[in-house]
Undergrad: 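Structure incoming, see below.
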Number of protein chains: 2
Amino acid sequence: MTVTKALGFRSAGIAAGIKDNDALDLALVVNDGPQYVAAGRFTSNRVQAAPVMWSRQVLAAAKVRAVVLNSGGANACTGPEGFADTHRTAESVAANLSCSAAEVAVCSTGLIGERLPIEALLNAIPEAVSMLGTDDDRAAAQAIMTTDSVPKHTSRTTSGWTIGGMAKGAGMLAPGLATMLVVITTDALIDSAIAEEALGHACRHTFDRLDSDGSMSTNDTVLLLASGAAGIEVDVETFTSELTAVCHDLGMQMLADAEGSTKDIAITVTGAASEDDAVEVARCVARDNLVKTALYGSDPNWGRIVAAIGTSQAKFEPDRIDVTINGVQICRNTAAAANRSLVDLTSRAVDITIELNAGDDCATVWTNDLSHAYVEENSAYSS
Amino acid sequence: MTVTKALGFRSAGIAAGIKDNDALDLALVVNDGPQYVAAGRFTSNRVQAAPVMWSRQVLAAAKVRAVVLNSGGANACTGPEGFADTHRTAESVAANLSCSAAEVAVCSTGLIGERLPIEALLNAIPEAVSMLGTDDDRAAAQAIMTTDSVPKHTSRTTSGWTIGGMAKGAGMLAPGLATMLVVITTDALIDSAIAEEALGHACRHTFDRLDSDGSMSTNDTVLLLASGAAGIEVDVETFTSELTAVCHDLGMQMLADAEGSTKDIAITVTGAASEDDAVEVARCVARDNLVKTALYGSDPNWGRIVAAIGTSQAKFEPDRIDVTINGVQICRNTAAAANRSLVDLTSRAVDITIELNAGDDCATVWTNDLSHAYVEENSAYSS
């Protein structure tokens, strides 16, 4: 169990006919209380899907009774009509649950620029509500998949309270705030201030540092719902720590399932003058196509890494960069050190550590390689 | 004839044994005067190759007698020893030409992070000097090729004076200032102020807007040498116009030869609040891997284009974007307009026009698609 492992939540995942192939495509997560605390993070892309615009308004009140999610269409760049579709979806869910539409968040994912088959979606909502339960919440995780090859979910239980979550995301993984659709539920007794602070911290250190392909979605949404049903008060430090672990787990699942990838690459920048500098340098390297293709070819090409670092504005001396790949310091003071043949790049996990020798801060950004399969999937799949 | 079509120049291209395969790898371009006016532009990458550091110093005096260029090694990230190699190269050329090393610019291209076979290079310089002539300057253009499939050169003659140029560049084509090695010669009678102003304008509107793969080289250099041998004074407007045409021609040759590319894509942003805004938006689209893979698949996926635009900081209203691909307005007011099946993407040339409806400025950035062959070439070739 994932989103329903925490007490106070029910979920459903059904086939509403939004996708062509009878696949699950509509998910519902309902908070039965007693509390309805919520926090959310959304894409920082300035072009935002209708459900993002809607859910931002819902989250402003920090109270969410239900989240309805669909795959098979992003409802992005669909004009006022697309926003009306989202509005009608929330109203229909609210009517079926006897709550207010202003308490219903909406998430969509799929092709940008096309209207949803809204009648099919609305017609399926009563069925989704009738299917709500705590037994099979993997159906909900499956219903939000697009190019994902596996559903993504996790949970942690500590001292009598639980956090669980589900996620979808396999492409367009470059964050402004979030990178994907994620719903996290908890039965901890927390207020909205704790929810807000914890989610901000967790996103900043996990989803915001996942940059698979440099492309930013119009639909990214991360929602945290807290029912308080466990009746256990949790302080902000403890809750933040557990929530960050859940988000990290979901983020690594997305990394491992990224479109066409053959490598999971952790780029850690140390010795930075600030954490922001460390993130900037790591992201420059993560987004460089020549670095990504080299790693696909299992080539420890530190020259391309250093060239990518040189495009950043972070504080460092250009002749003081060290690069270590999978434990072998292959570059010292921006010149060749250990022989590149010593670097073993046969496994999926790749660790790149960049020492800037400019301070004491550090950060890690996770990315993937750029493979034939990525090109194949994204030249053939209209998403 | 290219760099020697203008009066007052000789060139040579020989095999010095820097490359393994007996290919031409050392080029020399000499200005015989009577003037030795020069201007240069270099990569804005903060990690700069030894020859870039050297040539910046040479160009500070705006006087260049000769340029020596090698392929087969970038001499980047090679520490003080690499800088000494460049220095010795310039001194050797100067000794053979009876000029000062401070008048000899050096350019290198190839793998980052490895020392040049400097003895082989130095031993070959007398031969290069002995081969100097005006008959076969294509050998010089060939000697600077790396992954280029064809040598790149052009020339224009107007009213008794000439500009000619040669270039290499097929990967790491994303400019800070330049994107490649380029040597341009002219016999026009111009002073260094005209050379400087004209080269700045020309680079800004051509090489700076060529962004094949988003990766920025450590070695980019563009040099303009003026001999004054035609004895014809040329005003700054006329010279700038002709020089820009030469740079545009060379830039389009690099675009057409970009590694693994199947499309030459011109992204024109109109209705921008400023020219900088137009360039920023065009570059965001040019660098987006999902846009590039879609175009490789001949998919007019305007949703990915709009999502990329949304990551820019330019001034625009997110619901006022229009996108036209090859003459078909496929998106109006950030929503679907003409049917995507109307867009013909079968030819190599692709025109994308983005109207921001935010002002009167415009700019074009040129890029390529992201193909299987790009991945193949850059995962197999250590450059």
Side-chain angles (χ1 to χ4, degrees), chain A residues 44-48 74 76-79 81-82 111-115 171-172 176 213-218 287-291 293-299 301-304 306-312 316 318-319 321 331 333-336 370-372 374-380 382-383, chain B residues 44-48 74 76-79 81-82 111-115 171-172 176 213-218 287-291 293-299 301-304 306-312 316 318-319 321 331 333-336 370-372 374-380 382-383:
Chain A
S44 63
N45 197 311
R46 292 168 61 196
V47 176
Q48 305 198 338
C77 305
T78 45
E81 296 83 0
L111 186 64
I112 297 170
E114 296 196 354
R115 293 278 301 279
M172 266 203 178
D213 61 2
S215 294
M216 187 192 290
S217 163
T218 51
R287 291 192 172 181
D288 190 275
N289 280 349
L290 290 173
V291 171
T293 47
L295 290 169
Y296 172 59
S298 293
D299 173 11
N301 195 320
W302 64 267
R304 294 181 182 179
V306 171
I309 294 169
T311 66
S312 84
F316 61 81
D319 58 355
I321 302 166
C331 165
N333 290 332
T334 321
L370 176 54
S371 68
H372 283 298
Y374 178 89
V375 172
E376 185 62 26
E377 188 158 348
N378 286 297
S379 57
S382 205
S383 67
Chain B
S44 63
N45 198 310
R46 291 168 60 197
V47 175
Q48 306 199 336
C77 305
T78 45
E81 297 82 1
L111 186 64
I112 297 170
E114 296 197 354
R115 295 278 300 279
M172 267 203 176
D213 62 2
S215 294
M216 189 192 291
S217 163
T218 52
R287 290 191 172 181
D288 191 274
N289 280 350
L290 290 174
V291 171
T293 46
L295 290 169
Y296 172 58
S298 293
D299 173 11
N301 195 320
W302 64 267
R304 294 181 182 179
V306 172
I309 294 168
T311 66
S312 84
F316 61 81
D319 59 354
I321 301 167
C331 165
N333 290 332
T334 321
L370 176 54
S371 68
H372 282 298
Y374 178 89
V375 172
E376 185 63 25
E377 187 158 350
N378 285 297
S379 58
S382 205
S383 66

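Convention: sequence-line order gives letters A, B, ...; per-chain numbering from 1. All heavy atoms count here, side chains included; hydrogens, waters and symmetry mates do not.
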Undergrad: Taking only residues two or more places apart in sequence, or in another chain, which ones meet Ala76(A) in a side chain to side chain contact (heavy atoms under 4.5 Å, CB included)?
TA: Ala49(A), Ala74(A), Ile112(A), Thr218(A), Asn219(A)
Undergrad: Flag the one option from Glu114(B), Gln48(B), His372(B) with the top tally of heavy-atom pairs under 4.5 Å to chain A.
TA: His372(B)
Undergrad: Taking all non-hydrogen atoms of both residues, which atom of Trp302(A) and which atom of Ala335(A) are closest, and how far apart?
TA: CH2-C, 3.7 Å
Undergrad: Taking every heavy-atom pair that is under 4.5 Å apart, which of Thr78(B), Asp319(B), Ile321(B), Val306(B) has the most such pairs with chain A?
TA: Val306(B)
Undergrad: Side chain, backbone, both or neither: which part of Asn289(B) has an atom under 4.5 Å from a heavy atom of chain A?
TA: both
Undergrad: Considering all heavy atoms of both residues, which atom of Cys77(B) and which atom of Val47(B) are nearest to each other, and what is their separation?
TA: SG-CG1, 3.7 Å
Undergrad: Heavy-atom pairs under 4.5 Å with chain B are the metric here; pick the option from Ser298(A), Gly310(A), Pro318(A) that has the most.
TA: Gly310(A)
Undergrad: May I ask you to decide if Thr293(A)'s main-chain N or O and Arg304(A)'s side chain share a donor-acceptor pair within less than 3.5 Å?
TA: no
Undergrad: Between Ser371(B), Gly79(B), Ala308(B), Ala294(B), which has the largest tally of heavy atom pairs under 4.5 Å with chain A?
TA: Ser371(B)
Undergrad: Restricting to side chain to side chain donor-acceptor pair (under 3.5 Å), what partner residues turn up for Thr334(A), sequence neighbours left out?
TA: none
